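No experiment lies behind these values; they were computed from the predicted model shown. Proteins get letters first, then strands, A, B, ... in listed order; numbering begins at 1 in each.
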2 protein chains.
Amino acid sequence: MDTVNIEGRAYHHGDLKPSLLEVALQVLDTEGLEAVSIRRLARELGVAHSAPANHFATRKDLLTGMAEVCFDELSLAQQRAQDDVGCPRDESALKALYRATLNYGLCYPNRYRMMFRWGDLNAEDTGLQTRIEILYRRLMQCMASTGGDTPLFSNETRAIALWSMLHGYMVMRIEGTIQGGFHDEINGMPREEALFALLTHLTSEPTGFAG
Amino acid sequence: MDTVNIEGRAYHHGDLKPSLLEVALQVLDTEGLEAVSIRRLARELGVAHSAPANHFATRKDLLTGMAEVCFDELSLAQQRAQDDVGCPRDESALKALYRATLNYGLCYPNRYRMMFRWGDLNAEDTGLQTRIEILYRRLMQCMASTGGDTPLFSNETRAIALWSMLHGYMVMRIEGTIQGGFHDEINGMPREEALFALLTHLTSEPTGFAG
DNA sequence: CCTTCTATATTGACAGTGTCCATATTTACC
DNA sequence: GGTAAATATGGACACTGTCAATATAGAAGG
């Protein structure tokens with residue numbers, strides 16, 4: 001029997017799971033996280049409202065799946081940026097990582113927001129955890145190459161500090177928390193540049209900086 | 001006529017707005033943000049499902065009102081912590097601010113999460129904006145007292161960097177992003193202490209740190 | 001005191017949601 | 001080919017936010 005009924009749609013979509021993720025990310029980008037509902041996606045794809053349940057049992061599972069895709073995207077962007085720079089064991093490798101993350105977050109603010117709202121995701125999902133660890137490992141590699149452990153601050157401390165600062169800035173900028181009393185430029189330098197200079201200062205030896 | 005009808009409830013609650021905020025924060029703390037629904041609160045307070053609409057037209061407005069209360073709490077906690085230290089123009093004033101914020105976020109993780117999700121709030125609400133500016137001004141005061149402007153990094157740069165780092169760390173810790181590959185202690189020092197030492201390093205003159 | 005106006009609360013309705021259920025179809029495998 | 005698993009369907013339930021029309025309370029002024 002043919003797989004297409006009178007209404008012109010197949011009983012089996014055949015490729016529903018990836019299609020769901022694709023449409024979900026599109027809706028996320030254009031209309032925000034609240035607009036991403038299971039029924040909405042089903043409607044969009046012309047399947048029954050309950051069809052997605054076979055692939056994502058709950059909405060949380062759907063968001064988790066979306067986040068995994070996004071983490072892969074971000075990771076790839078970081079990798080590419082570092083490859084373009086050349087030797088990854090260089091100070092500019094950190095800058096490449098910084099720029100790539102900043103760029104991804106500003107290009108896809110809604111994705112970035114969702115990716116780090118682990119309270120709304122399946123935080124115990126191993127796929128999510130391994131992806132975060134990949135990002136962390138890449139950052140640690142940068143730390144090891146720019147200075148190495150310091151008697152004052154270990155690589156781990158500096159890595160967490162760096163990531164915290166970058167992430168905190170991203171979140172406040174995306175959410176709009178940093179808008180009112182803040183300026184876009186500081187001493188004529190774009191704010192992101194000033195922050196990166198400060199990040200670099202963080203990763204350098206305190207004694208080696210004084211000149 | 002008496003204000004209490006047969007069912008034992010008054011037609012006018014009389015104090016609905018603050019009661020809504022109180023119960024809402026309680027639900028937020030114990031069951032998370034998703035559990036905070038207008039109808040739920042109305043049920044909890046024994047009023048009609050549509051009664052809250054007189055005080056908070058939409059759910060967004062309700063969350064905004066809750067956030068304002070929380071920002072006042074946090075601001076007060078910061079103020080108290082700095083007063084306990086003594087002279088606010090001291091390096092330990094920054095530490096007091098750091099500790100107070102850290103403590104508030106860890107005591108009320110769900111409140112902290114909500115307060116900075118401005119995408120889910122009325123970001124154009126002036127009450128919200130003035131409260132954020134108060135926090136920022138307090139931080140800038142700390143910057144001015146510990147070192148002052150540096151040829152390398154302005155007070156504003158350092159303030160944003162500090163706040164970003166603290167906020168990013170808080171968010172990732174609360175959300176559970178920092179759990180898997182991260183350790184609670186670094187070189188035998190609690191992670192929060194190590195981060196504060198690094199924050200202090202940020203606020204100090206680069207030349208004055210080398211010993 | 002009585003009237004009037006405003007603030008507040010009520011009930012009802014609508015569309016949307018997540019999630020479960022029993023059922024139907026398709027695909028894959030033995 | 002026949003059987004089991006994967007996938008899709010439609011119905012149901014309880015919940016949500018939001019709007020509209022209505023009713024009551026309190027406050028203000030004659």
Query raised in the report: Atom CZ of B:R43 and atom P of C:dA9: how far apart are they, to the nearest Å?
Result: 18 Å
Query - Check: A:N54 side chain, D:dA6 base, donor-acceptor under 3.5 Å - result: no
Report summary line: Atom CG of B:L33 and atom C1' of D:dG17 are separated, to the nearest Å, by 15 Å
Requested in this report: Grab the two heavy atoms, one from A:N110 and one from A:L28, that are nearest each other, plus how far apart they are.
Outcome: ND2-O, 2.7 Å
Report task. Report the distance from atom CG of B:L16 to atom P of D:dG26, rounded to the nearest whole Å. Result -> 15 Å
Requested in this report: Note down the inter-axis angle between the two ends of the helix from C:dC1-D:dG30 to C:dC30-D:dG1, five pairs each, to the nearest 10°.
Outcome: 10°
Query raised in the report: Are more than 12 heavy atoms from other residues, nucleotides or ligands located less than 6.0 Å from atom OH of B:Y98?
Result: yes
Query raised in the report: Quick check: are there more than 12 heavy atoms from other residues, nucleotides or ligands sitting under 6.0 Å from OH of B:Y112?
Result: yes
Report summary line: So CZ of A:F116 and CE of B:M172: to nearest 0.5 Å the spacing works out to 7.0 Å
**Report entry** Rounded distance in Å - CG (B:L41) to P (C:dA9)
**Finding:** 14 Å
Report task. Using whole Å, report how far CG of A:L20 lies from C1' of D:dT7. Result -> 12 Å
Report task. Measure from CD on A:E44 to P on C:dG16 and round the result to the nearest Å. Result -> 13 Å
Report summary line: A:D15 atom CG is separated from D:dA6 atom C1', nearest whole Å, by 15 Å
Requested in this report: Starting from the C-alpha separation in whole Å, work towards a yes-or-no answer on side-chain hydrogen bond (donor to acceptor under 3.5 Å, both in side chains) for B:E192 and B:Y169.
Outcome: CA-CA 9 Å; B:E192 277 86 2; B:Y169 177 73; 2.9 Å; yes
Query raised in the report: DNA chain C: A:A35 or B:H55, which has the more 5' nearest nucleotide?
Result: B:H55
Requested in this report: May I have the distance from A:F56 (atom CZ) to D:dA8 (atom P), rounded to whole angstrom?
Outcome: 12 Å
Report summary line: Closest non-hydrogen atoms of A:R59 and A:I38, given as atom of the first, atom of the second and distance, are N-CD1, 3.8 Å
**Report entry** Heavy atoms from other residues, nucleotides or ligands near CD of B:E31 exceed 12 (cutoff 6.0 Å)
**Finding:** yes
Query - Trace of the side-chain hydrogen bond (donor to acceptor under 3.5 Å, both in side chains) decision for A:T58 with A:D61 - result: CA-CA 5 Å; A:T58 71; A:D61 294 324; 3.2 Å; yes
Query raised in the report: Among residues 61-68 of chain B, which residues get a heavy atom nearer than 4.0 Å to DNA chain D?
Result: none
Query raised in the report: Between the side chains of A:Q79 and A:R138, is a donor N or O closer than 3.5 angstrom to an acceptor N or O?
Result: yes
Query raised in the report: Got a donor-acceptor contact below 3.5 angstrom from the A:R131 side chain to the A:T126 backbone?
Result: no
Report summary line: Heavy atoms of A:I174 and A:G105 approach each other most closely as CD1-O, 3.5 Å
Shorter than 3.5 Å, N or O on both sides, protein versus nucleotides 18-22 of chain C: list them out with atom names.
residue : atom : partner : partner atom : Å
C:dG18  : OP1  : A:I38   : N            : 3.0
C:dG18  : OP2  : A:I38   : N            : 3.3
C:dG18  : OP2  : A:R39   : N            : 3.3
C:dG18  : N7   : A:R39   : NH1          : 2.7
C:dG18  : O6   : A:R39   : NH1          : 3.0
C:dT19  : OP2  : A:R59   : N            : 2.9
C:dT19  : O4   : A:R39   : NH1          : 3.0
C:dC20  : N4   : A:S50   : OG           : 3.3

